[in-house]
J.: 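Let me begin by handing over the structure; questions about it come next.
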There are 2 protein chains.
Amino acid sequence: MKRIAESTVRRLSLYLSFLEGIDRQGLKTISSDELARLGGTTSAQVRKDLSLFGSFGKRGLGYSVPELSGKLREILGLGKQWRVCIIGAGKIGAALARYRGFAERGFNVTAVYDSDEAKIGKRWENLTVRPISELEKDATKQDFDIAVVATPAENTPAVAKQVVRAGIKAILNFAPVQLSVPSDVTVRNVNMAMELEGLSFALSNRGE
Amino acid sequence: MKRIAESTVRRLSLYLSFLEGIDRQGLKTISSDELARLGGTTSAQVRKDLSLFGSFGKRGLGYSVPELSGKLREILGLGKQWRVCIIGAGKIGAALARYRGFAERGFNVTAVYDSDEAKIGKRWENLTVRPISELEKDATKQDFDIAVVATPAENTPAVAKQVVRAGIKAILNFAPVQLSVPSDVTVRNVNMAMELEGLSFALSNRGE
DNA sequence: ATTAGTTTGTGAACTAATTCACAAGCGCCA
DNA sequence: TGGCGCTTGTGAATTAGTTCACAAACTAAT
Ligand SMILES: NC(=O)c1ccc[n+]([C@@H]2O[C@H](COP(=O)([O-])OP(=O)(O)OC[C@H]3O[C@@H](n4cnc5c(N)ncnc54)[C@H](O)[C@@H]3O)[C@@H](O)[C@H]2O)c1
Ligand SMILES: NC(=O)c1ccc[n+]([C@@H]2O[C@H](COP(=O)([O-])OP(=O)(O)OC[C@H]3O[C@@H](n4cnc5c(N)ncnc54)[C@H](O)[C@@H]3O)[C@@H](O)[C@H]2O)c1
């Protein structure tokens with residue numbers, strides 16, 4: 001299969017969320033044009049994105065909402081349940097662990113780790129905070145798919161090393177540092193300071 | 001000035017954070033090549049990004065770390081202090097309000113809003129949660145620059161309308177919905193479900 | 001003062017992503 | 001059955017973004 005751009009994957013994810021809304025409204029079909037309007041893009045873009053994976057629509061009619069949802073879920077790998085661990089039982093970790101939106105999409109938080117003695121052993125929702133030193137051992141049994149890393153920036157490179165050693169192949173990183181990992185490990189960064197700086201730039205350069 | 005791509009702004013932001021690290025290490029100059037290695041890009045990219053705004057380096061030497069930091073801060077509009085309000089005093093809102101990393105970069109959270117009677121009036125750090133209905137009135141006095149929106153998806157379009165009516169020109173949106181706002185308002189989305197789906201896609205399509 | 005060794009800044013070349021534009025397919029109706 | 005209105009799927013054209021490649025500028029060493 002040809003290489004798919006990250007921007008394409010982001011849009012697919014967006015289309016899926018729109019389709020779920022449309023489905024709740026009870027509509028049966030949708031055109032590339034409507035999908036484009038919802039996503040702030042063009043109908044050609046929508047059709048091109050989808051055409052990378054097959055042809056799912058009916059000419060003259062559009063796309064069947066449930067069918068396209070299903071295809072997108074399949075493309076995005078949402079058919080299975082993913083096992084997620086959260087590392088760093090702090091403020092962000094707490095918000096994420098308690099967020100129901102993830103499980104709804106098949107991302108199940110099955111463990112939380114921290115290095116702080118004061119936090120280890122505490123109950124967190126239906127989980128107990130475990131010592132980070134046990135991550136590697138636990139991983140052989142639990143087989144985590146994704147690690148969500150929410151530790152202080154200075155410790156995060158070391159944490160990433162442990163995650164890699166534990167054999168986890170995907171990391172969602174909230175610390176404002178660039179992680180260096182082997183090429184078979186995928187990292188996505190959520191860097192809020194960077195987003196705010198993007199807004200700052202936009203505010204500072206309006207009308208130029 | 002010519003249009004600057006969002007990807008460029010993200011990289012500038014990244015360079016700045018590297019420069020701050022380098023500065024703490026006490027190094028005085030850095031080459032485009034080293035900066036590129038830190039950011040996982042190429043030296044030509046670094047130089048091209050910077051050349052969009054001027055020429056800040058010395059041939060044969062590289063860039064002065066404090067000078068380039070200063071220039072980047074200026075470019076990104078980090079010279080001033082920004083007034084930020086958080087809307088939605090829930091799990092994510094709480095994590096953000098308590099995060100010190102923002103103020104360090106000039107983003108000062110000066111108010112928190114919610115619609116829940118049970119939360120209104122409560123103290124949050126050095127702030128008191130205010131009723132969202134007062135946002136518009138408060139904005140005329142406080143003159144917020146940026147609204148961080150962390151409300152449930154279903155209420156968020158309405159919240160965005162209120163933010164726009166309050167005259168705020170930049171929104172950082174955490175709800176998994178696409179906001180439609182006038183063209184003079186800039187929106188950045190942080191959509192964690194989308195990031196996880198990106199990882200899911202990567203895990204599902206390795207080696208193809 | 002000259003030379004050797006670096007590293008910038010930037011047009012030109014290239015690659016990737018988006019948009020155009022239209023033939024072809026489908027449903028509906030007469 | 002044929003024609004009309006609509007919408008897809010996709011090569012071609014265009015636009016945007018990245019990388020190449022090299023002259024120019026600077027330091028340090030002799
Ligand atoms: N709080 C926010 O709103 C926010 C916003 C943007 C970015 N971030 C980033 O997210 C990360 C976490 O932020 P936070 O506010 O939740 O911090 P926090 O201090 O509340 O939590 C960090 C947790 O990580 C744990 N920890 C430290 N070292 C560890 C290690 N080696 N292994 C395992 N656990 C370890 C700490 O014990 C603590 O419980 C930071 O990198 C921060 O910059 C946070
Ligand atoms: N918690 C997470 O880790 C997480 C992760 C990803 C995305 N999100 C998204 O962030 C948003 C907030 O999530 P959360 O977990 O903090 O939810 P939450 O329920 O803890 O908090 C939401 C808050 O918004 C308030 N609110 C509701 N309607 C409002 C209105 N019209 N005006 C002002 N305030 C209003 C509620 O009273 C509540 O205090 C949601 O859209 C969620 O999907 C959260």
Side-chain angles (χ1 to χ4, degrees), chain A residues 1-15 18-19 22 27-72 75 198 201-202 205 208, chain B residues 1-15 18-19 22 27-72 75 178 198 201 205 208:
Chain A
M1 191 195 282
K2 86 162 67 57
R3 213 194 89 71
I4 304 297
E6 184 174 307
S7 54
T8 304
V9 179
R10 298 193 112 86
R11 284 193 300 268
L12 294 178
S13 197
L14 211 52
Y15 302 154
F18 297 149
L19 287 168
I22 296 291
L27 298 179
K28 283 292 153 224
T29 63
I30 189 168
S31 67
S32 57
D33 200 51
E34 294 168 274
L35 222 32
R37 219 184 332 273
L38 292 171
T41 177
T42 65
S43 65
Q45 180 79 81
V46 172
R47 295 198 300 278
K48 185 68 95 182
D49 286 341
L50 297 176
S51 78
L52 295 170
F53 300 93
S55 81
F56 312 127
K58 276 210 178 25
R59 290 163 196 237
L61 255 192
Y63 301 87
S64 147
V65 173
E67 188 188 318
L68 185 56
S69 295
K71 291 289 184 188
L72 286 176
I75 291 166
F201 177 83
N205 296 74
E208 279 178 41
Chain B
M1 191 197 278
K2 86 162 66 59
R3 214 193 90 70
I4 304 296
E6 184 174 309
S7 54
T8 304
V9 179
R10 298 192 112 85
R11 283 192 300 267
L12 294 177
S13 196
L14 211 53
Y15 302 154
F18 298 149
L19 287 168
I22 297 291
L27 298 178
K28 283 292 154 225
T29 63
I30 188 168
S31 67
S32 57
D33 200 50
E34 294 168 273
L35 222 30
R37 219 182 335 270
L38 291 170
T41 176
T42 66
S43 65
Q45 179 81 79
V46 172
R47 295 197 300 278
K48 184 67 96 181
D49 286 340
L50 297 176
S51 78
L52 295 170
F53 300 93
S55 82
F56 311 126
K58 276 212 178 24
R59 290 164 194 234
L61 253 193
Y63 301 87
S64 147
V65 173
E67 187 188 320
L68 186 55
S69 295
K71 291 288 184 187
L72 286 176
I75 292 165
Q178 212 63 7
F201 178 82
N205 296 74
E208 280 179 41

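Letters A, B, ... are given to chains in the order of the sequence lines, protein chains preceding strands, and every chain is numbered from 1.
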J.: Tell me the partner of dT30(D), counting only Watson-Crick (N1-N3 plus N6-O4 or O6-N4) or G-U wobble (N1-O2 and O6-N3) with both under 3.5 Å; none if nothing fits.
T.: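 Answer to the pairing question: dA1(C), which forms a Watson-Crick or G-U pair with dT30(D).
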J.: Quick test: give all pairs of protein nitrogen or oxygen and nucleotides 10-17 of chain D nitrogen or oxygen below 3.5 Å, distance rounded to 0.1 Å.
T.:
residue : atom : partner  : partner atom : Å
dG11(D) : N7   : Lys48(A) : NZ           : 3.4

J.: Out of curiosity, Phe18(A) CZ to Ile30(A) CD1, how far, rounded to the nearest 0.5 Å?
T.: 9.0 Å
J.: I need the residues from residues 28-42 of chain A with at least one non-hydrogen atom less than 4.0 Å from DNA chain C; give them sorted by number, or say none.
T.: Thr42(A)
J.: Whole angstroms only, please: what is the CG-P distance between Leu52(B) and dT8(C)?
T.: 16 Å
J.: Taking all heavy atoms of Gln178(B) and all of Leu14(A), pick out the closest pair and write down the distance.
T.: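 Nearest pair, atom of Gln178(B) first, then Leu14(A): OE1-CD1, 3.6 Å.
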J.: Could you say whether Thr8(A) or Lys58(A) is positioned toward the 5' end of DNA chain C, judged by the nucleotide with the nearest heavy atom to each?
T.: Thr8(A)
J.: For a 4.5 angstrom cut-off between non-hydrogen side-chain atoms, does Leu72(B) reach Phe56(B)?
T.: no
J.: How close do Asn205(B) and Ile75(A) get, counting heavy atoms only, and between which atoms?
T.: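 Minimum heavy-atom separation between Asn205(B) and Ile75(A): OD1-O, 3.8 Å.
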J.: For DNA chain C, which residues in residues 63-72 of chain A have a heavy atom at a distance below 4.0 Å?
T.: none
J.: May I have the distance from Asp49(A) (atom CG) to dT18(C) (atom C1'), rounded to whole angstrom?
T.: 10 Å
J.: If I take atom OG1 from residue Thr29(A) and atom CG from residue Leu27(A), how far apart are they, to the nearest 0.5 angstrom?
T.: 7.5 Å
J.: Could you please spell out the steps behind the side-chain contact (heavy atoms from CB on, under 4.5 Å) verdict for Leu19(A) and Tyr63(A)?
T.: CA-CA 10 Å; Leu19(A) 287 168; Tyr63(A) 301 87; over 6 Å; no
J.: Only one of Arg37(B), Lys48(B), Arg47(B) passes side chain to side chain donor-acceptor pair (under 3.5 Å) with Ser32(B); say which it is.
T.: Arg47(B)
J.: Take Leu38(B) and Glu34(B) through the test side-chain contact (heavy atoms from CB on, under 4.5 Å) and record every step on the way to the result.
T.: CA-CA 6 Å; Leu38(B) 291 170; Glu34(B) 294 168 273; 5.6 Å; no
J.: Can you tell me the distance, in whole Å, between the CG atom of Leu50(B) and the P atom of dG9(C)?
T.: 8 Å
J.: Taking atom CG of Leu68(B) and atom CD1 of Ile22(B), what is their separation to the nearest 0.5 Å?
T.: 11.0 Å
J.: Which distance, rounded to the nearest 0.5 Å, do you find between the OG of Ser7(B) and the CD of Gln45(B)?
T.: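 Here the interatomic distance stands at 7.5 Å.
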J.: Return the CZ to OG1 distance between Arg10(B) and Thr8(B), rounded to the nearest 0.5 Å.
T.: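 So the gap between those two atoms works out to 11.0 Å.
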